[in-house]
Structures are given as C-alpha cells and as structure tokens.
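Report on the structure given below.
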Amino acid sequence: MVVAVVATAGACSKSGAGGSSSSSNSTGNVSSSSAAPAIKGDITFNDTNLAKLDAALKSALAGKDLSKLHEAMVVNVAVDYWNAGKIGFTKGLADLGVKGTYQAPANGRLDQQLSIIQTLRGQGITGMSVSAIDPTAIKAPIASANSAGIPVLAIDSPLPKEDGAALYLGTPNYEAGQKAGEAMKQALGGKGQVVVLVGSLTTSNAVERIQGFEDALKGSDVKVVQKLSDGMDASKALSNAQTVIQTNQNVNGLYGVYSYDGPSAAQAVQAAGKSGRVKVISDDSDPQTLKFIKSGAIQATVLQQPYQQGYTGAYLLAALKVLGKDATLNIVKPYLESDGSTLSSGVGLVTQDNLSDYQAKLTQMGLG
C-alpha cells in the first residue's frame with residue numbers, strides 16, 4: 001500500500017541495521033546496548049517468473065486483433081508510490097500496441113474512485129485493473145463490468161473471490177508483514193515495544209500485513225503495544241509518531257505500513273534526536289524512504305513491485321479480453337501461489353547494504 005510523504009530528510013545518525021540494538025534504561029529512555037545482527041536485504045522479487053509469464057501471454061496474443069482494446073488501471077490514491085506502476089502500465093501498453101488510461105483519486109477517497117470507474121465505463125474500456133479502496137463497495141462495479149464482458153484484475157490489495165475479480169496481481173501481504181516483523185526483531189535484538197502506524201486498520205492488505213508482522217514476532221520479547229490509523233493522511237501519521245515518541249519512552253520500534261508511514265516515523269524519530277535508537281521498519285520505496293534508509297533513520301523497508309503490477313497487468317487484461325478467462329488462467333496457473341488466485345509480484349527488502357543495488361535496478365526499469 002501506498003502513499004506519498006511530506007517529510008524532508010536531513011542529517012541523521014547512521015547506526016541503522018547492523019548497528020546498536022535498543023533497550024530501556026531505568027528512566028524509561030531508549031538507550032544503545034549490544035550490537036544487533038545485520039538485516040539481510042533481498043531485491044529478487046518474482047521478476048524471473050513474471051518475465052516468463054509475460055512472454056507466454058505475448059506469444060498467445062500474437063496475431064490476435066488488439067486494435068479495439070482500451071485498458072484502464074485505477075489505483076487507490078495519487079501518490080509517488082504509484083509512479084512505478086504507471087510507468088510499467090504505459091510500457092506494457094506500448095509493447096502490446098494498445099490504448100490505455102491510468103487514473104488515481106487525488107485524495108484517496110472511495111467516492112472519487114467509484115466515480116472514476118463509472119466514467120471509464122462510459123468511455124468504453126475493455127478491461128480494468130484496480131487497487132480497491134473498499135472491497136465491499138467495489139463488488140457492484142466489478143459485477144457490472146463482468147456482466148458487460150469487461151474483465152477486472154485486482155492489484156495491490158486482494159479482493160474476496162466473491163467480488164468477481166479474475167485474479168490478484170500484487171504482493172502476498174501476509175508474507176510482506178512477516179518480512180517486516182523479522183526485520184524488526186533483528187533491529188531490536190529480539191526485545192522491545194513497537195507501535196504500528198497505518199493508513200487503515202480495515203483495508204485487507206493492511207490487515208494481512210499487520211497479522212504477518214505480529215505473527216513473526218511471536219516467541220520473541222518484541223511486542224506490539226499500539227496500532228494507530230492515520231486515515232491515509234501523512235500529516236496525521238507524523239503527528240501519531242511524534243505523540244508516541246513523546247508519551248511512551250519505552251517504545252523503541254515503529255512499523256510504518258503505508259508508504260508515507262515509514263518516512264513520517266523517521267522524521268519524528270530524527271526530530272526527537274533518537275535516530276538509530278528508535279528503530280523504524282517501513283513498507284515501500286518512496287524517495288524519502290530511501291533517503292532515510294541511506295541516513296540510517298530507517299533500518300529496512302519491505303518492497304512491492306508496482307512496476308510489474310502495471311506491466312504484467314496490461315498483458316493480463318489483454319489476454320482476459322481476447323483469449324478469455326479460462327484460456328488466460330491456464331497460461332497463468334503455473335505461476336500462481338498455493339491459494340490458486342494470487343500472482344505474486346514479489347516481496348523485497350532494502351537496507352543500507354543493498355540500497356545502491358536497488359537504485360541501480362530502478363534505473364534499469366526507467367525509474368531512477
């Protein structure tokens with residue numbers, strides 16, 4: 001999940017991953033103790049399998065008439081995170097030689113997203129990928145699209161099978177949460193109090209991430225003591241982080257679930273003079289997040305691949321419309337997760353140690 005931040009990076013302590021773990025002293029202030037093991041990064045994602053799938057879909061579509069296709073990608077909010085998805089979608093459309101429209105509600109409001117979908121339907125779209133703000137509210141629009149022969153692909157946030165989306169292309173969110181939890185345990189040396197900062201406590205991807213995060217902490221002395229929703233408001237996320245740091249000196253870890261939450265946490269930690277002592281694990285790779293990784297204010301960030309959600313999404317929408325659902329699912333089946341409906345875009349983890357490698361990867365995709 002996904003939103004931009006208003007934080008500004010500045011000079012920070014560089015005692016991040018692999019630096020000092022944290023504990024509480026007799027006054028309740030967080031202090032440095034024994035060295036925590038380095039957090040190991042990983043940026044392989046699921047790129048190899050998705051490249052094979054893209055090739056298989058392209059081969060199956062060869063010689064087919066794609067001239068009447070008009071695809072749409074509708075995300076949940078207009079923020080930096082989705083720039084990669086838009087670029088991937090645009091590249092996929094160009095490679096296929098089809099038309100497409102990318103849309104994002106400016107303020108992440110449900111009514112805006114539903115209005116966008118209605119407008120696109122009036123423009124004659126032939127397929128739509130959507131990061132749904134609300135799985136209940138999106139059910140009727142999906143049903144209407146399906147009845148009109150317009151396939152719908154869920155991206156970024158999975159939808160219940162009964163909602164009618166053909167597939168889910170995106171991050172296995174429980175797995176992403178687990179990766180964040182493991183990183184937090186390492187950053188804290190296995191002991192501490194953590195507050196979760198999140199844009200919504202009810203959206204399915206956030207629920208799954210937090211569950212994975214908490215499950216990864218089981219058996220350790222790292223405990224989640226509070227979960228704070230900011231309603232997709234970066235300024236509220238910053239305020240939440242500041243309040244936590246000011247009012248609970250025993251908190252030595254912050255987990256930011258939405259893309260702006262990590263940078264908001266890092267900014268609050270930095271302003272309090274606790275960079276490297278209060279550990280921050282974040283999600284996503286907004287430019288501010290990467291700056292805070294470099295400075296050491298964020299110890300690690302769990303990454304999605306929105307570029308692939310856009311690129312492979314364009315191919316899937318073309319196949320679903322031209323080849324049909326059954327034929328498309330037969331091509332996709334070998335690449336699905338064990339649930340039979342999730343096409344993983346992969347989960348990565350960036351730390352100071354592999355930050356330069358990740359930035360080189362972004363440059364290769366035209367995102368640098």
Side-chain angles (χ1 to χ4, degrees), residues 1 3-17 19-34 36 180-181 183-201 206 209-210 213-214 217 220-284 286 288-289 291-302:
M1 193 38 191
V3 220
V5 72
V6 295
T8 302
C12 304
S13 164
K14 293 201 174 187
S15 56
S20 299
S21 65
S22 300
S23 62
S24 297
N25 61 26
S26 59
T27 64
N29 291 322
V30 178
S31 62
S32 178
S33 60
S34 59
M184 182 64 80
K185 281 196 300 185
Q186 288 184 268
L188 296 180
K191 184 177 183 180
Q193 294 187 13
V194 176
V195 170
V196 176
L197 307 174
V198 64
S200 168
L201 287 167
R209 287 195 181 216
I210 294 171
F213 182 81
E214 292 185 303
L217 300 180
S220 75
D221 289 325
V222 179
K223 307 299 180 184
V224 173
V225 296
Q226 200 171 11
K227 303 167 191 173
L228 299 175
S229 173
D230 50 65
M232 295 194 194
D233 184 341
S235 62
K236 177 63 174 175
L238 176 59
S239 174
N240 284 345
Q242 290 171 331
T243 300
V244 165
I245 293 171
Q246 292 167 2
T247 60
N248 191 342
Q249 296 296 315
N250 292 319
V251 169
N252 59 349
L254 298 172
Y255 171 39
V257 181
Y258 279 31
S259 68
Y260 58 83
D261 285 313
S264 295
Q267 186 180 11
V269 168
Q270 175 185 285
K274 294 185 176 182
S275 293
R277 290 187 291 152
V278 176
K279 308 295 185 180
V280 178
I281 304 298
S282 65
D283 283 341
D284 301 324
D286 282 9
Q288 292 291 342
T289 301
K291 288 180 181 179
F292 281 124
I293 287 281
K294 186 175 182 179
S295 72
I298 294 178
Q299 279 59 56
T301 190
V302 178

Taking all heavy atoms of Asp261 and all of Gly256, pick out the closest pair and write down the distance. CB-CA, 3.4 Å
Can you confirm whether Gln288 sits close enough to Tyr260 that some side-chain heavy atom of one is under 4.5 Å from a side-chain heavy atom of the other? no
Would you say the side-chain atoms of Asp283 and Tyr255 include a donor-acceptor pair closer than 3.5 Å? yes
Name all residues meeting the side chain to side chain contact (heavy atoms under 4.5 Å, CB included) criterion together with Thr243; count only those two or more places apart in sequence or in a different chain, and write none if there are none. Ser239, Thr247
Nearest 0.5 Å, please: how far is CD in Gln186 from CD1 in Ile281? 9.0 Å
Sub-4.5 Å side-chain heavy-atom contact between Arg277 and Asn252: no
Of all heavy-atom pairs between Ala241 and Ala268, which one has the smallest distance, and what is that distance? CB-CB, 3.6 Å
Partner residues of Thr301 under the side chain to side chain contact (heavy atoms under 4.5 Å, CB included) criterion, sequence neighbours left out: Ser282, Thr289, Ile293, Leu303, Val350
Short side-chain donor-acceptor distance under 3.5 Å, Gln249 and Lys274: yes
Name each donor-acceptor pair under 3.5 Å that joins a side chain in residues 192-201 to protein atoms two or more places apart or in another chain, with its distance.
from	atom 1	to	atom 2	distance (Å)
Ser200	OG	Thr202	N	3.1
Ser200	OG	Thr202	OG1	3.2
Ser200	OG	Thr203	N	3.1
Ser200	OG	Thr203	OG1	3.0

Enumerate the residue pairs fulfilling salt bridge (Lys or Arg N to Asp or Glu O under 4.0 Å) with a member in residues 229-242, sequence neighbours excluded, ordered by first and then second residue. none
Side-chain heavy-atom pair Gln226, Leu228 within 4.5 angstrom cut-off: yes
Nearest heavy-atom contact between Gln299 and Gly276 is NE2-CA, 4.1 Å
Set of residues satisfying salt bridge (charged side-chain N to carboxylate O under 4.0 Å, His left out) with respect to Lys227, sequence neighbours excluded: Glu214
Testing the basics here: between Leu217 and Gly181, what is the closest heavy-atom pair and its distance to 0.1 Å? CD2-O, 3.6 Å
Can you name the residues that form a side chain to side chain contact (heavy atoms under 4.5 Å, CB included) with Ala271, not counting sequence neighbours? none
Taking C-beta and beyond as the side chain, do Val280 and Phe292 meet within less than 4.5 Å on heavy atoms? no
Can you tell me how far apart CD1 (Ile245) and CG (Leu254) are? Round to the nearest 0.5 Å. 5.5 Å
Restricting to non-hydrogen atoms, name the atom on Ser229 and the atom on Asn240 that form the minimum distance, rounded to 0.1 Å. O-ND2, 3.5 Å
